[in-house]
Amino acid sequence: MTNMSRARVARRIAAGAAYGGGGAGLVGAAAVGLLLAEVRLARRHVGNGTGERVPGAEGTYGRVYDVPGEPPLRLVMLGDSTAAGQGVHRSGQTPGALLASGLAAVAERPVQLRNVAQTGAQSDDLDRQVALVLSAGPPAPDICVIMIGANDVTHRMPPTRSVRHLSAAVRRLRTAGAEVVVGTCPDLGTIEPVQQPLRWLARRASRQLAAAQTIGVVEQGGRTVSLGDLLGPEFAANPRELFGPDNYHPSAEGYATAAMAVLPTVCAALGLWPAEEDRPDLTRREGFMPVARAAAEAASEAGTEVTAAMPTGPRGPWALLKRRHRRRVPEPEAAAPSP
């Protein structure tokens with residue numbers, strides 16, 4: 001599918017989400033049925049991880065930067081098993097811990113991490129998760145990172161419904177005052193037990209949903225980072241290294257790769273990234289464009305950021321597409337619960 005075609009599909013899905021349409025299946029009912037059958041077979045080989053323990057990583061990172069009277073930055077992870085960190089054994093290997101540690105190093109300020117992500121969650125669970133986040137009362141967290149979408153595809157949730165729930169979650173968090181970064185639907189075509197041609201169908205469905213998620217998130221004032229094949233062509237080239245033992249969730253190295261791609265956007269959302277980095281680099285094919293086009297391009301290239309750029313025009317909302325440099329996140333220190 002070309003980026004232009006993907007942009008048209010993403011616009012239709014996002015419009016259906018905004019105006020209450022039901023929406024057709026991502027790749028057609030017959031294709032989705034085949035995909036589901038293959039994914040179920042894959043799960044018999046790899047499992048979906050629902051029985052594994054997720055390491056607890058909540059706590060305060062970067063205590064070395066503690067300054068009396070200055071509260072820590074507050075980071076919250078929401079979403080599914082990828083946001084929770086399923087597939088690794090140590091808390092410091094989870095994406096939340098990696099992002100908290102990296103953010104503390106960039107901001108030179110402690111970061112308090114909370115994780116409300118739920119293994120197996122679909123986008124309709126975000127309402128519950130957001131309620132948990134906001135139940136603590138004001139002020140809202142400084143930054144919320146959401147990773148969601150894979151279970152929506154494998155459980156046949158209509159894409160308009162999926163995007164509607166995600167958009168509502170972003171809107172509630174932004175209204176409360178939190179910055180929001182969404183890691184869009186990962187590429188299910190990288191799951192090894194899924195064979196061709198269903199691998200291609202899985203990739204197509206994942207990218208269509210990721211593009212539609214981007215439109216919905218940006219229109220609500222959030223930023224997205226395309227997770228794609230979990231952030232880098234090396235994931236598909238080296239699945240044994242970057243997949244975890246179940247071949248379904250990322251390994252420690254896979255989560256580190258994801259965190260390296262998401263961290264610059266988290267920092268930029270908080271105003272901590274160098275200003276010159278926010279200017280589009282034409283040599284990297286960055287720039288301002290209609291949000292649907294930016295969403296389609298981002299879905300095709302993992303690690304690409306999309307953020308709102310200017311008011312709606314004759315061609316709809318516009319966005320800035322950035323391909324930020326990846327940088328190795330610092331090795332996380334052990335979390336210590338806040339008093």
Start with the C-alpha distance between Tyr61 and Leu75, add both sets of side-chain angles, then the distance that settles side-chain contact (heavy atoms from CB on, under 4.5 Å), and finish with yes or no. CA-CA 10 Å; Tyr61 294 78; Leu75 164 67; over 6 Å; no
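- With values rounded to the nearest 0.5 angstrom, Leu209 atom CG is found 4.0 Å from Gln213 atom CD.
- Taking 4.5 Å as the limit, some side-chain heavy atom of Cys267 sits within range of a side-chain heavy atom of Leu103.
- Take Asp66 and apply the side chain to side chain donor-acceptor pair (under 3.5 Å) test, not counting sequence neighbours, and it matches no residue.
- Of the possible polar contacts, none joining the Thr94 side chain to the Arg90 backbone as a donor-acceptor pair under 3.5 Å is found.
- In this structure the side chain of Leu78 reaches within 4.5 angstrom of the side chain of Cys144, judged on heavy atoms.
- Between Gly79 and Ala121, the shortest heavy-atom distance links the atoms O-CB, 3.5 Å.
- Not one N or O on the side chain of Ser101 forms a donor-acceptor pair closer than 3.5 Å with the backbone of Ala97.
- Judged as a side chain to side chain donor-acceptor pair (under 3.5 Å), and not counting sequence neighbours, Arg279 has no contacts.
- In the hydrophobic cluster analysis, where Ile, Leu, Val, Met, Phe, Trp and Tyr join through side-chain heavy atoms closer than 4.5 angstrom, Val106 is grouped together with Leu73.
- The hydrophobic cluster containing Leu321 also includes Met289, under a criterion of side-chain heavy atoms closer than 4.5 Å among ILVMFWY residues, counted directly or through chains of members.
- For the pair Thr304 and Val225, the minimum side-chain heavy-atom distance is 4.5 Å or more.
- A distance-only check finds no donor-acceptor pair linking the side chain of Asn151 to the backbone of Gln122 [under 3.5 Å].
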List the steps and the verdict of side-chain contact (heavy atoms from CB on, under 4.5 Å) for Tyr255 and Leu98. CA-CA 8 Å; Tyr255 279 131; Leu98 291 163; 4.2 Å; yes
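- Listed by first then second residue, pairs satisfying salt bridge (Lys or Arg N to Asp or Glu O under 4.0 Å) with a partner in residues 69-81 read Glu70-Arg109, not counting sequence neighbours.
- Heavy-atom minimum distance, Gly56 versus Ser91: O-CB, 3.0 Å.
- Val217 places a side-chain heavy atom less than 4.5 Å from the side chain of Leu166.
- We find the CD-OG1 distance between Glu179 and Thr265 to be 12.0 Å, quoted to the nearest 0.5 Å.
- Taking each heavy atom of Leu126 and Ala169 in turn, the nearest pair found is CB-CB, 3.9 Å.
- A chain of hydrophobic side-chain contacts below 4.5 Å, direct or via other Ile, Leu, Val, Met, Phe, Trp or Tyr residues, connects Leu263 to Val145.
- For Pro264 against Trp273, the heavy-atom pair with the smallest separation is CB-CZ2, 3.7 Å.
- Under the side-chain contact (heavy atoms from CB on, under 4.5 Å) criterion, Arg114 pairs with Glu58, Val76, Val116, Leu132, not counting sequence neighbours.
- Heavy-atom minimum distance, Ala107 versus Leu272: CB-CD1, 3.7 Å.
- For the salt bridge (charged side-chain N to carboxylate O under 4.0 Å, His left out) test with Glu301, the passing option among Lys322, Arg284, Arg207, Arg323 is Arg323; the others fail.
- His165 contributes atom NE2, which lies 4.5 Å from atom CZ of Arg161 (distance to the nearest 0.5 angstrom).
- Residues Val180 and Val182 form a side-chain contact, since some pair of their non-hydrogen atoms from C-beta on lies under 4.5 Å apart.
- Side-chain contact between Pro110 and Arg63: absent, with no pair of heavy atoms (C-beta onward) separated by less than 4.5 Å.
- Note on residues 125-147: pairs passing salt bridge (Lys or Arg N to Asp or Glu O under 4.0 Å), not counting sequence neighbours, are Asp125-Arg128, Asp127-Arg172.
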Please lay out, stage by stage, how Leu99 and Val262 fare under the test side-chain contact (heavy atoms from CB on, under 4.5 Å). CA-CA 8 Å; Leu99 286 171; Val262 174; 4.2 Å; yes
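- Put simply, OG1 on Thr214 and CZ on Arg223 are 13.5 Å apart, with the number rounded to the nearest 0.5 Å.
- Judged purely by atom type and a 3.5 angstrom limit, Asn115 uses its side chain to pair as donor or acceptor with the backbone of Ala83.
- The CG atom of Asp124 sits 10.0 Å away from the CD atom of Gln129 when rounded to the nearest 0.5 Å.
- Looking at heavy atoms from C-beta onward, Thr60 lies out of side-chain contact with Val111 at the 4.5 angstrom threshold.
- Contact check for Cys185 versus Ile148: no side-chain heavy atoms found under the 4.5 Å cut-off.
- Cluster membership check: Ile143 does not share its hydrophobic cluster with Ile146, using side-chain heavy-atom separations under 4.5 Å among Ile, Leu, Val, Met, Phe, Trp and Tyr.
- Between the side chain of Arg204 and the backbone N or O of Gln208 there is no donor-acceptor pair closer than 3.5 Å.
- What you find for Pro141 and Val133 is that their closest heavy atoms are CG-CG1, 3.6 Å.
- Taking hydrophobic clusters as Ile, Leu, Val, Met, Phe, Trp and Tyr residues chained together by side-chain heavy-atom distances below 4.5 Å, Leu113 does not share a cluster with Leu173.
- Under the 4.5 Å side-chain heavy-atom criterion for grouping Ile, Leu, Val, Met, Phe, Trp and Tyr, Val153 is connected to Val163 within one hydrophobic cluster.
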